[in-house]
Amino acid sequence: MLAAELALANIDVAIVERRESQDLAGSRAGGLHSRTIEVLDQRGIAERFLSQGQVMQVAGFAMIRLDISDFPVRHNYGLALTQNHIERLLAAWVEELKVPIYRKREVTSFVQDDTGVDVALSDGSLLRAQYLVGCDGGRSLVRKTAGIDFPGWDPSVSFLIAEVDMAEEPAWGMRVGEKGINGMAKLEDGKRVRVVLVEPHIARAEQPTMEDLRAALIAVYGKDFGVYNVTWLSRFSDMARQAASYRERRVLLAGDAAHVHAPTGGQGLNLGVQDAVNLGWKLAQVVRGRSPESLLDTYHVERHPIAARVLKLTLAQIALMRGDERSKALHENMSELLKMDEPRKHYGAMMSGLDIHYDLGSGHPLLGRRMPDLDLVTESGPRRLYTLLHGARPVVLNLGEPDTLDVTAWADRARWVNARYDGGWELPVLGTVAAPAAVLIRPDGYVAWVGQGTDEGLRDALTSWFGPPTGPMLG
Ligand SMILES: Cc1cc2nc3c(=O)[nH]c(=O)nc-3n(C[C@H](O)[C@H](O)[C@H](O)COP(=O)(O)OP(=O)(O)OC[C@H]3O[C@@H](n4cnc5c(N)ncnc54)[C@H](O)[C@@H]3O)c2cc1C
């Protein structure tokens, strides 16, 4: 996702990937939340994903379903689509954008100086880059080499996840145990089994064995169901850790390299995609020399609290899903609470990423929040707002008197659109907000300035996010 964002900004970017292909053993993440679908929609690629998965209500808290179908958003649902498909579609997009991928090679070390980073690869070659972003997962070599701390919480429970055949009829469905929920579900072919098991003891080794799998099955179900043909066997835990800093000079972190936590609530991949969309345009501007390096610090400032919140939410969910009587009672209470409209909306927006609010100052409620995908009437006809963001460039949307805002000094960076919009202004959870006369929308779809009839503050907002004016305004 980050590579694509940089490529859209015409930055020379390359990916180094240890794996031979984008194929993934096992399915890992199960889908996308509403805000991630929006983010893909902002780049014109949402349909590729929607057409391959199943649109459904996927948001939940501790397995308590949160229906967001009454939310005032176009994608008032999530998407069930496994990670192998998500990775395949993203890789195809990156290929269309002609980003080179150096496959079957590992980053083994790097050294940074004042102007760039020398990156050593396992085949003995060296890459020189202005910036290096570690998108290299929870065990990130980039994070460790940069000396970035990874504080958090040790695991209280570990799980096995596997895709298998079983000689005996599986125990389909969920079984709540003392330390968490076990389950068996049919894989896409309708025959094979995806099994998730709480391990009898917390295990830390990266790669579990067949013996571990049998032992866990027997501990939960009293038998191993004649398990065979194990095509994926992996271990995860409720360990929750987050990089103390998302940036160390010319080295940045995104995705699991910056945060790890239990998969409960299905947040990890979604967080990573949105990290990338927050960082991409900022990094592009700094590489171009249009914005100072300090713009990169807003990436940490904005994204660190979002993942910190997710970490806490997963800790809470793991606690709620324990099978002891006290936890069960707490879960029952939480279920009751989440049936009520206000808590459901609050948690539904939180788990689907629709309530994200970056602190961009006080004022209109849209400031720092996602811009809704309005049905506009522009000078060239009807358009959905998100189509204006396909190029990953900022947009100044003037909904008032046409041509009253002067942004010619940023014309090389920002898109300027006059449009009419006659519908309502409703945001998830907040409800109806006052109609703005104009907005500055960042490439990641968040509102950086709201105009109420004058251009007060617009030049400052453009300068702080997109660099000082050029062209006619210079001098
Ligand atoms: C069982 C399970 C269920 C999950 N369910 C969900 C869900 O429903 N929803 C959700 O949003 N998330 C879910 N997740 C989390 C999701 O899988 C991760 O958050 C996501 O894969 C993180 O993406 P990433 O690109 O940051 O890291 P990774 O997917 O770990 O990718 C890192 C990549 O870097 C490569 N790499 C690593 N080191 C190097 C190196 N030194 N040199 C070169 N390449 C390197 C690796 O080969 C890998 O391809 C789940 C995870 C698990 C385990």
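Ligands are counted one by one from 1 in listed order, and the atoms in each one are counted from 1 as well.
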Using a 4.0 Å cut-off to any heavy atom of [X], which atoms of ligand 1 qualify?
X	answer
Pro263	2 (C), 3 (C), 4 (C), 5 (N), 50 (C)
Gln267	9 (N), 10 (C), 11 (O)
Cys135	32 (C), 33 (C), 34 (O)
Gln83	16 (C), 17 (O), 20 (C), 21 (O), 29 (O)
Gly255	26 (O)
Gly266	7 (C), 8 (O), 9 (N), 10 (C), 11 (O)
Gly268	10 (C), 11 (O), 12 (N), 19 (O)
Ile161	1 (C)

[X] and [Y]: side chain donor to acceptor below 3.5 Å:
X	Y	value
Gln130	Thr115	no
Tyr386	Arg74	no
Asp238	Ser156	yes
Gln52	Arg88	yes

*asked:* How long is the straight-line distance from CH2 of Trp153 back to CG of Leu315, given to the nearest 0.5 Å?
replied: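 The CH2 atom of Trp153 is 5.5 Å from CG of Leu315, to the nearest 0.5 Å.
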Rounded to the nearest 0.5 Å, the CZ atom of Arg309 sits from the CD atom of Gln267 at a distance of 8.5 Å
[atom]: the protein heavy-atom neighbour that sits closest, reported with distance to 0.1 Å:
atom	answer
atom 19 (O) of ligand 1	Asp256 OD1, 2.7 Å
atom 40 (C) of ligand 1	Val107 N, 3.8 Å
atom 46 (C) of ligand 1	Glu17 OE2, 3.4 Å
atom 37 (C) of ligand 1	Asp136 O, 3.4 Å
atom 45 (C) of ligand 1	Arg18 CB, 3.9 Å
atom 13 (C) of ligand 1	Ala29 CB, 3.3 Å
atom 12 (N) of ligand 1	Leu269 N, 3.0 Å
atom 30 (O) of ligand 1	Gly137 CA, 3.5 Å

Taking distance alone, with no angle check, do [X] and ligand 1 share an N/O pair under 3.5 Å?
X	value
Gly30	yes
Trp232	no
Ala254	no

| Parallel, tilted or perpendicular: which describes the rings of Phe236 and Phe159, with under 30° parallel and over 60° perpendicular? | parallel
Review point. Is the charged tip of Arg370 near the ring of Tyr446: under 6.0 Å from the six-membered ring centre and within 45° of its axis?
Key: no
- request: May I have the step-by-step check of salt bridge (Lys or Arg N to Asp or Glu O under 4.0 Å) for Glu248 and Lys144, ending in yes or no?
  value: CA-CA 11 Å; Glu248 165 51 32; Lys144 290 174 191 160; over 6 Å; no
Quiz item: Any Lys/Arg nitrogen of Glu336 or Lys339 sitting under 4.0 Å from an Asp/Glu carboxylate oxygen of the other?
Solution: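 Lys339 and Glu336: not salt-bridged.
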Any Lys/Arg nitrogen of Asp212 or Arg235 sitting under 4.0 Å from an Asp/Glu carboxylate oxygen of the other?
yes
Judged by non-hydrogen atoms, does Arg139 sit under 4.0 Å from ligand 1?
no
- prompt: Checking salt bridge (Lys or Arg N to Asp or Glu O under 4.0 Å) for the pair Glu87/Arg19: CA distance, chi angles, key distance, verdict?
  reply: CA-CA 12 Å; Glu87 288 204 18; Arg19 284 150 61 195; 2.9 Å; yes
